[in-house]
Structures are given as C-alpha cells and as structure tokens.
Number of protein chains: 2
Amino acid sequence: MTNAGLNNQNLEHIRRICEDAGIKLTHQRLEIFKELMTAQDHPSAEDIHRRLQKKMPTVAIDTVYRTLATFDELGIARKLHLANNRNLFDTNLAPHHHFICDHCRKVDDIYWPDFDRTTLPAEISGIGRVRSRHLELHGLCTACLEQSGE
Amino acid sequence: MTNAGLNNQNLEHIRRICEDAGIKLTHQRLEIFKELMTAQDHPSAEDIHRRLQKKMPTVAIDTVYRTLATFDELGIARKLHLANNRNLFDTNLAPHHHFICDHCRKVDDIYWPDFDRTTLPAEISGIGRVRSRHLELHGLCTACLEQSGE
DNA sequence: GTTAATGCAAACGGTTTGCAGGGGT
DNA sequence: ACCCCTGCAAACCGTTTGCATTAAC
C-alpha cells in the first residue's frame, strides 16, 4: 500500500522492467502488477488471486505465487513476513514499519525515522552484525476500538 | 532460553501449576516441561519432539503441540511468532526482543529497555492503540560472520 | 471408576513442485 | 520456431482435529 493508483507510467514501467530483466510481459503478470499497484492494503497472494477472479477467472494460484516472488526479486514489491504467520505484499519500498490490528488484522505503514537512527544496545556487538530492524506494533485500530465498546 | 537448568524446585513448580490449573501431571507433560527448561535455545515444537525421541520414542507430535499450547496458556512458556514463519518457544518471560541470524537462524534474546520506554511516533495515535511492540533485529551472528570470510 | 489426555490417522491451510501444453517474443 | 510461462495436479510442510484407547486422579 502506498501508491496513488495506476497510470500509463506504471504500465510503461512494468514493460521496461520485464524487458530489462529478460522476462516476458504476460497477461497474468500485467494484471497482477495492476492489482498490486491499485491495492489500498497489504494483500496476500490469495487476496490477489481472489481479486483477480473477476477479470481472469482462469488464473491459477500458483501463478500468483510465482509472479509475486518474481516481483519481489525484481524489487517491484516486497514480501512481508509478519509475525502472525501471514505473508503479505507491500509496494511501499520506503523504509517503514507496521502497525497490526490484532482484532481485524489490518496492517498500516508506520514511519519512525528516529527509531531507525537510534543506536542499538551495546550488548548486540557481541552477538552479531545487525543488517535490518523489523518492528511490528500490535494493538487495536481506531475502528475496532470504537466498535468493541468504548 | 533463560533458565539455569532443571532442579527439584522446577519439578515441584510444574506439579503445583498443574494442580492449580486442575489438569493432570502426565508423563508427557513432565518430560516436555523438562525439555523446555533445559533447552539452551528457542526450540520449535518439532525440535522438542525430536529431542524427546530418546527418552520417549512413542510420544506423538500432536501431543507436543497440545502441551506447548497448554504451557503457553498457563504462562510457563511463551509461543514466539517470528517473522520468518517459525513458531518457537521461549521460557524467558521477561520483556525482551530477539536477534535472528539470517544465515544459521539462531535466535538470541535482546534486552533494550530504553527502546521499550521510547515514546511512539505521534501519527500512531490516529491509527490505533498500541498494546505491544515486537522487534526483531536481523543480521549475521558472530560465528557466521567469521565463517563466511567476514 | 471418571474424566481428561494421549496416540493414531486423517485433514487442514498456505505454499511449492514436476510436468505437459499454450502463449509471448 | 523457440523457449518461457502457465495451468493442472499432486506433493509439501507445519499444524490441527476427531475419535477410540489409555492412564492420571
């Protein structure tokens, strides 16, 4: 989730990317790309597959998995491994973290540059070299807070 | 991972817990408890099952899953949902986070009270109420750093 | 003797794989 | 025409469930 919708620039974008990578721009890849770029949330492979049913009733779930893996490798989207065992996809390539509603499972992007810059605890140097920080804030989103009394 | 090994106090401890909870102290529960308490790492259910094979060759994997879920509910151990889709168990009940080696997959406990106390970014108030912070530091542990030519 | 817990087997959900046939270059 | 990509089906892995048997109280 991130993008301001699909436009011709995106279409030219994916065409270029496929060309550069030496892979074919198939109907399935194009539609999955469009679905990703217009998604307003963090969809799973199965979400994408379900949403494509209307346009492409014959697309197979394994094609969706393969295509999303390809997009992840090409840097178009990023596969999120969240701690609740859900693999979601994110087109927001900027550094950010996530807020996860434990009730409705909605995932929101969180920006916290101050935290990203914070010095790590000294003990970590004895354990290894840190390459990335994965932060999830868990709680209840405003909608679920209101709904569940109060 | 946390404990200083198994002793009679632990045995009396699990007996009390089962009694208080109104559940039976079975041979399986006792052995799984001992395995957890002596573990020097963060074992998965399948790790526990494998390690028990010597002592209890007939113990079933589903019993291990059920028992670990029970221990999680009783507060003896905590089920960790890590972002690499592995469900591990931790007997360290103190607030802490984890360092995960992306090469050998070792998991180390990290204490970072300064971070735990840090004020969240202002934008979060518009998204929901945070109840917990899940932090994973990813990288390479010292052993893997040396080994891989550093 | 009751009742809860175990072992077995089978199902589960999400994901991946081998393969033959179809579509893009 | 070539070969990559797709769809199908089946396997996969970790986990869960229903059920009859077993063992703790």
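Letters A, B, ... mirror the listed sequences (proteins, then strands); counts begin at 1.
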Exercise for the section: Have a look at B/Asn87 and say if it touches a base, only the backbone sugar-phosphate, or nothing, with a 4.0 Å heavy-atom cut-off. Expected result: sugar-phosphate
Exercise for the section: Indicate, with a heavy-atom threshold strictly under 4.0 Å, whether A/Ser44 touches base, sugar-phosphate, or nothing. Expected result: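 Nothing, no nucleic acid heavy atom in range.
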Starting at [atom1] of [X] and ending at [atom2] of [N], how long is that distance when rounded to a whole Å?
X: A/Asp62; N: D/dC12; atom1: CG; atom2: P; result: 16 Å
X: B/Leu82; N: D/dT15; atom1: CG; atom2: P; result: 12 Å
X: A/Lys79; N: C/dG14; atom1: NZ; atom2: C1'; result: 10 Å
X: A/Met56; N: D/dT6; atom1: CE; atom2: C1'; result: 10 Å
X: A/Arg66; N: C/dT17; atom1: CZ; atom2: C1'; result: 8 Å
X: A/His49; N: D/dC8; atom1: NE2; atom2: C1'; result: 12 Å
X: A/Arg50; N: C/dG13; atom1: CZ; atom2: C1'; result: 13 Å
X: A/Glu19; N: C/dG24; atom1: CD; atom2: P; result: 16 Å

Handout entry: Short side-chain N/O contact from B/Tyr65 to OP1 or OP2 of D/dT15, under 4.0 Å
Key =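 True: B/Tyr65 side-chain N/O within range (under 4.0 Å) of D/dT15 OP1/OP2.
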Handout entry: Proximity of A/Phe115 and A/His97 rings by center, below 6.0 Å
Key =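 Centroid separation for A/Phe115 and A/His97: below 6.0 Å.
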Practice task
Give the intermediate values and the outcome of side-chain contact (heavy atoms from CB on, under 4.5 Å) for residues B/Lys106 and B/Ile100.
Solution key: CA-CA 6 Å; B/Lys106 183 168 77 99; B/Ile100 297 154; over 6 Å; no
Handout entry: Expected output: side-chain A/Gln40 to main-chain A/Thr38 donor-acceptor under 3.5 Å
Key =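 Yes, because the side chain of A/Gln40 sits within donor-acceptor range (under 3.5 Å) of the backbone of A/Thr38.
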Practice task
For residues A/Tyr65 and A/Ala45, report the shortest heavy-atom separation together with the two atoms involved.
Solution key: CE2-CB, 3.5 Å
Problem - Carboxylate-amine/guanidinium proximity below 4.0 Å for B/Asp41 and B/Arg51 - result: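 Judged by the 4.0 Å cut-off on N to carboxylate O distance, B/Asp41 and B/Arg51 do form a salt bridge.
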Exercise for the section: Answer yes when A/Asp102 and B/Arg131 have at least one side-chain N-carboxylate O distance shorter than 4.0 Å, and no when they do not. Expected result: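 Looking at B/Arg131 together with A/Asp102, the answer is yes, because their closest N to O distance falls below 4.0 Å.
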Exercise for the section: Please check if atom NE2 in B/His103 has more than 12 non-hydrogen atoms from other residues, nucleotides or ligands closer than 6.0 Å. Expected result: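 Atom NE2 in B/His103 is not crowded, with 12 or fewer foreign heavy atoms closer than 6.0 Å.
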Handout entry: B/Thr67, nearest nucleotide to its side chain (from D/dT15, D/dG7, C/dT6)
Key =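 Nearest to the side-chain atoms of B/Thr67, counting from C-beta on, is C/dT6.
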Practice task
Using a cut-off of strictly less than 4.0 Å between a heavy atom of the residue and any atom of DNA chain C, enumerate the qualifying residues of residues 23-32 of chain B by number.
Solution key: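 Those residues whose heavy atoms fall under 4.0 Å from DNA chain C, taken from residues 23-32 of chain B in numerical order, are B/Ile23, B/Lys24, B/Thr26, B/Gln28, B/Arg29.
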